[in-house]
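The next block holds one structure in the form of structure tokens; read it before the comments.
The sequence lines fix the lettering, A, B, ..., with proteins before strands; numbering per chain opens at 1. Basis for what follows: all heavy atoms, side chains included, without hydrogens, waters or symmetry-related copies. These numbers were taken from a predicted model, which means no experiment stands behind them.
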Number of protein chains: 2
Amino acid sequence: MTTITSVDVHDVRFPTAAAGDGSDSINKGDYSATYVELHTDGPHTGAGFTFTNGRGNELTCAAVRALAHHVQGRTLEELWADPVAFARSLSVDVQLRWLGPEKGVIHMATGAIVNAVWDLHAKEAGKPLWRFLAELPTEKLIGCVDFHHITDALTPQDAAAILDKGLTGLDERRAELEADGLPSYTTSVGWLGYPDDKVRELARSAYAQGWRAMKMKVGGDPEDDLRRARIIREEIGPDAVLMMDANQIWDVDEAITRMEALAEADPYWIEEPTHPDDILGHARIQRAVAPIRVATGEVAANRVIFKQLLQADAVRVMQIDACRVGGVPEVLAELLLAAKFGIPVCPHAGGVGLCELVQHLFAFDYLRVGTSLDGRMVEYVDHLHEHFTDPVRTHDGKYVLPSEPGYSATMRPESIAEFGFPDGPVWR
Amino acid sequence: MTTITSVDVHDVRFPTAAAGDGSDSINKGDYSATYVELHTDGPHTGAGFTFTNGRGNELTCAAVRALAHHVQGRTLEELWADPVAFARSLSVDVQLRWLGPEKGVIHMATGAIVNAVWDLHAKEAGKPLWRFLAELPTEKLIGCVDFHHITDALTPQDAAAILDKGLTGLDERRAELEADGLPSYTTSVGWLGYPDDKVRELARSAYAQGWRAMKMKVGGDPEDDLRRARIIREEIGPDAVLMMDANQIWDVDEAITRMEALAEADPYWIEEPTHPDDILGHARIQRAVAPIRVATGEVAANRVIFKQLLQADAVRVMQIDACRVGGVPEVLAELLLAAKFGIPVCPHAGGVGLCELVQHLFAFDYLRVGTSLDGRMVEYVDHLHEHFTDPVRTHDGKYVLPSEPGYSATMRPESIAEFGFPDGPVWR
């Protein structure tokens, strides 16, 4: 038996705003983590976090403290016996639920804690999370999926059929990922805060490094957007994939008009064209801009939003996030929903540590759920990996499959000390 | 010129959970307020709050502190010159927006601050908020509506037409409200935490006091739900209106099945039958349970959710909340959306101080937007009014139109002191 003896939360902030890194049409942040450590009486410490944009990271930290009693003093065996009941004990807390429900600050804190527990499960099993998940029997995996409020679109029977089918060819797919890595794209070329020269130089450099898919931010002045798209297209040629990301700035009709003007740069997808809660709006945009794909999900609040995006045929690319929702049980539901509707999942990453987490989800999805690499890529942003003990590695524009036990969520103690807010040397 | 010189926030909690007041299928709370005071160099103090369920009220308080710099030091005249730009300065904060966006803790705190500013605007004008709003010229009112992300359903031109039409008969409607009060219903009869005898006694007593519409909680054991519905129907007779409220507990198909069983008690509406983010789910339930109406909105995160509920024909009754969304400019958008789609608004109340606020919204809606009382009622719960300086008054099952200047949001200083958390005498 292993008992979770205490819960620590650290407010860790990196001063990225001043450099223009991560700037887009709505965000200009100091990339930050609400970093959770679950101390145990066993050999391992569980690590989990949620990503925020700087100011306000104290709110998700406080939310972790408000939820910590649901995990403190419990045994890993007890939590593993019913992983959904445990995750839901946080999301249905009779007093805290009002603050969401299942969205925003309280749900992000839920995800940080639940993911830290899954980091422990994988570490105890001595496997990286992707492998720990992929090797679970279907019956146990089904017991790890939060089906609440989505059974009209995905039943446990549907999920079992998908996961059973995923057992066929599993070893071949794993050998393929080990040999070739995880297909990915880079977002580091076109933040809105960067001048034209820097955009050109970054696109050229990314192409030289092997990237054949890259993403730019749009949603600024229409002429600026088009000029920057042309610069990137010039550098990467007609065959490389160019994605665009509007970060929710447009109204529905505006999104349609703006994409008409940007179509000449042959975008592969338009990401977050409008408000993230607007399922019907995304559906209208998808109908209007096809064959350009609509992609969204990085701030989709929960599995109920994803369910509807799929039911309404509102996205052709689904972008899950590892930290926004309530942890692994909810992410599993989202991967299975996408498979049921035949939509590829391209996880959102970047920020702090998101690349480290989503590589596990992408690999598990390929091995056991989606079982195809067609149209699937993990986002890659080359910031802040040096703060993790098991950082992502890339080679020729692909992620190298992680091999250390756990969820790759553990931060270096020196980084926590240096960037701790407000007392770390960087912030004093 | 009046300057907002400082922002105070108080964590005020009432120990209601122990008594079973406010208990339903998902909530069992200590009704609480994140209470904001805007001190000025003028004669008035602005009051606003958001309601929470107890634990976690420290999160909304912390969110108010994180947002306070958007209002501190600004003049009322400057905020009044562009009320939407001011409200949006909070909801599009480039670092804090990630924590929502426009939902949960950060959006509720936004609402508390923005509403406190509107309390000041109305106090400076010497009018209750309902009258202050109703007497504004259409052009100014349009400038107070947050249209962002909803122009595909409601344009400023649509809104102007509705508001202009609302000028006709305004004086007659106002005289009617002053003479007759605001139609309402009571929710105090059927909380899940109450035993059968108490439910019977409360239904009988409410009927005797003049209430002809009342609401019970459902979503517990199916036989319990039906037995309690029969008890209330016995007491109130076939002509009184009985509403049911499931507080989001059911999956979509489950909601449809459960309402088939409860139909014998002739419910007027089923409120929150499933997850509040599930627009398509509500639409399916509405088609299946008609002529029973689907009602929702008390935790609808923002105007984009309401827009879609209307576009999808998912509700026949729209329930706005005064505190959940980003304050008056967003509530105005919601009232106008409902009018555009011809759906009656029955505001959510109860909790702490929600009755005090929504009476103003209901009166304004009748006077200037919806212009009909058909199928319209304000919720009434008889808890905690004694803590406000201008509490709601009811007479014969109706609200008496408020007359004091402002938004009726001001709490008694003795209550703030006594119920302040964690240092008030009640909590020590």
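Looking at A/Thr50, neither its backbone nor its side chain comes within 4.5 Å of chain B, counting heavy atoms on both sides. Heavy-atom distances place the side chain of A/Asn302, and not its backbone, under 4.5 Å from chain B. Heavy atoms of B/Phe147 lying under 4.5 Å from chain A belong exclusively to its backbone. Looking at B/Ile150, only its backbone comes within 4.5 Å of chain A, counting heavy atoms on both sides. Interface remark: B/Ala301 contributes side-chain atoms only to the contact with chain A (heavy atom separation under 4.5 Å). Residue contact with chain B, scored on non-hydrogen atoms closer than 4.5 Å, involves the side chain of A/Ile305 exclusively.
Here the closest heavy-atom approach between residue B/Ala66 and residue A/Arg55 is recorded as O-NH1, 3.3 Å. Between B/Gln95 and A/Ala17 the shortest heavy-atom distance is NE2-CB, 4.2 Å. The two residues B/Gly100 and A/Arg324 make their nearest non-hydrogen contact at O-NH1, 3.0 Å.
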Run B/Leu96 and A/Asn53 through side-chain contact (heavy atoms from CB on, under 4.5 Å) and show every step you take. CA-CA 7 Å; B/Leu96 296 173; A/Asn53 241 329; over 6 Å; no
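Between the side chains of A/Glu102 and B/His275, at least one donor N or O sits under 3.5 Å from an acceptor N or O. In this structure, a donor-acceptor pair under 3.5 Å is absent between the side chains of A/Gln311 and B/Arg284.
Between chain B and the options A/Arg65, A/Glu58, A/His148, A/His107, heavy-atom pairs under 4.5 Å are most frequent for A/His148. Heavy-atom pairs under 4.5 Å with chain B were tallied for A/Ile106, A/Val92, A/Asp93; the largest tally goes to A/Asp93. Here B/Leu99 is the residue among B/Val105, B/Leu99, B/Val252 with the most heavy-atom pairs under 4.5 Å with chain A. Taking A/Leu59, A/Asp152, A/Asp278, A/Asn57 one by one and counting their heavy-atom pairs under 4.5 Å with chain B, the maximum is reached by A/Asp278. Each of B/Ala62, B/Gly104, B/Pro101 has some count of heavy-atom pairs under 4.5 Å with chain A, and the biggest count is that of B/Pro101.
For A/Gln308 (side chain) and B/Asp277 (main-chain N/O), a donor-acceptor pair under 3.5 Å exists by modelled atom type.
Using cut-offs of 30° and 60° for the angle between ring planes, the B/His348 and A/Trp98 rings count as tilted.
With rounding to the nearest 0.5 angstrom, the CG atom of A/Leu280 is 6.0 Å from the CG atom of B/Leu280.
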